[in-house]
Amino acid sequence: MASLYSNSNNTLVNCLDKFSDPNYVSIFDTTLRDGEQAPGASMKATQKMDIARQLVKLGVDVIEAGFPASSEIEFELIKCIAHEIGNSVDEEGYVPMICGKARCTKKDIDRAWESLKYAKTPMISTFIATSDIHMKYKLNMSREEVAERARSMVAYARSIGFKHVRFGLEDASRSDKEFVYHIIGEVIKAGATYICVPDTVGCNLPNEYAQLMVDIKANTLGIQNVILAGHCHNDLGLATANTLAAICVGVRLVDVTINGIGERAGNASLEEIVMAIKCRGKEALGGVYTGINTKHIFTTSNMVEEYSGLKLQPHKAIVGANAFTHESGIHQDGILKNRGTYEFISAEDVGIIRASEHGIKLGKLSGRHALKIKMLELGYNFEEKQLGDLFWRFKSMAERKKVN
């Protein structure tokens, strides 16, 4: 794949060489585009700039900054991100690609180039629907017309300056597979360098989505010359599972959002995908890894929650308030003896600094050991009989009301 990334700047070549490593999973963050499309999640331009800067700290490979043709404000914001974020090369040569979304029209593609051309490595993500239901009812176009539009617009994007052209097949998971193979082959010939295969309505199960990727790789001319990307929605609660299934069959660019925000039920969650790879990549996923600095996950999650206004459920994996908190007495006793008994993932690994060392919360299910430790933290050292009396008084109160 190295030929796709030739650049006169050697620092950038070294950075982009990661994409050619068969074990490297590139993270395509679309929080600022697909994430903001979640109902009620619109953010101010200054807030989106803050998030973009935080994504740099995380080390994401591609930041999809938005939809340049959607408004003048969005266009100017993406231009600012391209200028600032897209040129901030660190000492190790890292600089994220800056991507913009565009429909398969010259107007959208021109607008994308005008906003993104200031970045060192601009990318366009252009798309068109390929399922029969979308082509009939939304586009009112035939398969032949869709294929020709896709081919010609990919070629146009290359002709105006984009070296990194990502083509997405909207509703690919409900599209006729033979048509999928055909249109991908056509856009590859036209110059596409990345192919995104979305489960747009989140209808696939993991085995189905993985098989779709396998079939595309086996039946599409030129597929070995591009990077295959997965984009999963969470309508069945399977966006993370589907994305991991795609990684297992060789997909190496994955679309994610912070906290899993996005259209309807949301997208695959960056923190879930990244921590699954960090914790199980070597033994269960064939040795894959990412370039994400996981210690910035919690701060980024909090920022997106605050700016988007989309509150996390307490039991949200990795970043929810309860993810590293223990109230059950059996669990608390185990944690106090060895944190590994009930914490498979370390809170510190994702940047969480807990008020107490063990993340214990007292409640009606808590045990004597946990109460003793909590009292010691507060400066009280009770004898066993006193502790016993206190424990049963505490349990009686906790049965009647929640303990904060």
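No hydrogens, no waters, no symmetry mates; every other heavy atom, side chains included, goes into these values. Just so it is clear, the structure is predicted and the values come from calculations on it, not from any experiment.
Using a 4.0 Å cut-off between charged nitrogen and carboxylate oxygen, Glu114 and Arg111 do not count as a salt-bridge pair. Under 4.0 Å is where a charged nitrogen must lie from a carboxylate oxygen, and between Lys44 and Asp50 no such pair does. In this structure, Glu84 pairs ionically with Arg53, as a charged nitrogen and a carboxylate oxygen lie closer than 4.0 Å. At a threshold of 4.0 Å, the pair Glu170-Arg103 does not count as salt-bridged, since none of the basic side-chain nitrogens sits closer than that to a carboxylate oxygen. The existence of a salt bridge linking Arg143 and Asp176 is confirmed by a sub-4.0 Å separation between a basic side-chain nitrogen and an acidic carboxylate oxygen.
Side-chain contact between Ser131 and Met135 is absent, with no heavy atoms from C-beta onward closer than 4.5 Å. In this structure the side chain of Arg33 never reaches within 4.5 angstrom of the side chain of Thr257, judged on heavy atoms. You'll find the side chain of Ile27 reaches within 4.5 Å of the side chain of Val254, heavy atoms only. Between Val25 and Tyr289 there is no side-chain heavy-atom pair separated by less than 4.5 Å. Using a 4.5 Å heavy-atom threshold, the side chains of Asp171 and Thr130 count as separate. With contacts defined as side-chain heavy-atom distances shorter than 4.5 Å, the pair Ser175/Leu169 does not qualify. When side chains are defined from C-beta on, Leu238 does not count as touching Asn204, because their heavy atoms never get closer than 4.5 Å. Residues Glu36 and Lys48 form a side-chain contact, since some pair of their non-hydrogen atoms from C-beta on lies under 4.5 Å apart.
A donor and an acceptor atom, one from each side chain of Ser125 and Arg166, are located under 3.5 Å apart. Using modelled atom types, one finds a donor on one side chain and an acceptor on the other under 3.5 Å when comparing Lys316 with Ser269. Using modelled atom types and a 3.5 Å distance limit, the side chains of Asp215 and Gln211 yield a donor-acceptor pair. Using modelled atom types and a 3.5 Å distance limit, the side chains of Ser301 and Asn259 yield a donor-acceptor pair.
Counting non-hydrogen atoms of neighbouring residues, nucleotides and ligands closer than 6.0 angstrom, the CD1 atom of Ile133 reaches no more than 12 such neighbours. By the 6.0 Å contact criterion, NZ on Lys117 is enclosed, its count of non-hydrogen atoms from other residues, nucleotides or ligands being greater than 12. For Arg149, the CZ atom sits in a loose shell: 12 or fewer heavy atoms of surrounding residues, nucleotides or ligands are nearer than 6.0 Å. For Asn140, the CG atom is loosely surrounded, since the number of other residues' heavy atoms within 6.0 Å does not exceed 12. The number of heavy-atom neighbours closer than 6.0 Å to CD1 of Ile73, taken from other residues, nucleotides and ligands shown, is 12 or below. Counting heavy atoms of neighbouring residues, nucleotides and ligands inside a 6.0 Å radius, atom OH of Tyr137 does not exceed 12 of them.
Asn219 places no side-chain N or O within 3.5 Å of a backbone atom of Tyr181 that could act as its donor or acceptor partner. Listed for the Thr294 side chain is a donor-acceptor partner under 3.5 Å among the backbone atoms of Asp349. With hydrogens and angles ignored, the 3.5 Å screen pairs a side-chain donor or acceptor of Tyr94 with a backbone N or O of Val60. Panel note: side chain Thr220, backbone Ile223; no donor-acceptor pair is recorded below 3.5 Å. Distance alone, capped at 3.5 Å, places no donor-acceptor pair between the Lys295 side chain and the Ile352 backbone. The main-chain N or O of His296 is never found under 3.5 Å from a side-chain atom of Thr299 such that the two would form a donor-acceptor pair.
The side chain to side chain donor-acceptor pair (under 3.5 Å) test with His231 singles out one residue from Asp34, Thr200, Asp199, Thr30, and that residue is Asp34.
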Tell me, with the steps shown, if Met153 and Ile109 meet side chain to side chain contact (heavy atoms under 4.5 Å, CB included). CA-CA 8 Å; Met153 290 300 100; Ile109 294 169; 3.8 Å; yes
One pair to check against side chain to side chain contact (heavy atoms under 4.5 Å, CB included): Asn87 and Val95. What are the steps and the verdict? CA-CA 7 Å; Asn87 287 280; Val95 60; 5.9 Å; no
Determine whether Ser346 and Phe324 satisfy the following criterion, side chain to side chain contact (heavy atoms under 4.5 Å, CB included), listing intermediate values before the conclusion. CA-CA 8 Å; Ser346 167; Phe324 298 95; over 6 Å; no
Could you go through Asn267 and His233, starting from their C-alpha distance and side-chain angles, then the distance that decides it, and tell me whether this counts as side chain to side chain contact (heavy atoms under 4.5 Å, CB included)? CA-CA 4 Å; Asn267 294 321; His233 280 267; 2.7 Å; yes
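To the nearest 0.5 Å, the span separating SG on Cys279 from CD1 on Ile345 amounts to 4.5 Å. Residue Thr31 holds its OG1 atom at 4.5 Å from CD1 of Ile258, rounded to the nearest 0.5 Å.
Under the side chain to side chain donor-acceptor pair (under 3.5 Å) criterion, Lys337 pairs with Asp333, not counting sequence neighbours. Phe162 pairs by the ring pair (Phe, Tyr, Trp, His ring centres under 6.0 Å) definition with Trp113, not counting sequence neighbours.
Here the closest non-hydrogen pair linking Phe179 and Val146 is CZ-CG1, 4.1 Å. Taking every heavy atom of both residues into account, Glu305 and Leu312 meet most closely at OE2-N, 3.0 Å. Pairing each heavy atom of Ile124 with each of Ala102, the nearest pair is CD1-CB, 3.8 Å. Counting all heavy atoms, side chain and backbone alike, Leu77 lies closest to Met49 at CD1-CG, 3.6 Å. Residues Ile98 and Gly86 come closest through the heavy atom pair CG1-CA, 3.6 Å. The shortest heavy-atom contact between Val154 and Val187 is CG1-O, 3.7 Å.
Judged by the 6.0 Å and 45° rule, Arg151 forms no cation-pi pair with Tyr156.
Classified by interplanar angle (parallel below 30°, tilted 30° to 60°, perpendicular above 60°), the ring pair Phe127/Phe67 is perpendicular.
Screening residues 273-284 for side-chain hydrogen bond (donor to acceptor under 3.5 Å, both in side chains), with sequence neighbours left out, gives Arg280-Glu283.
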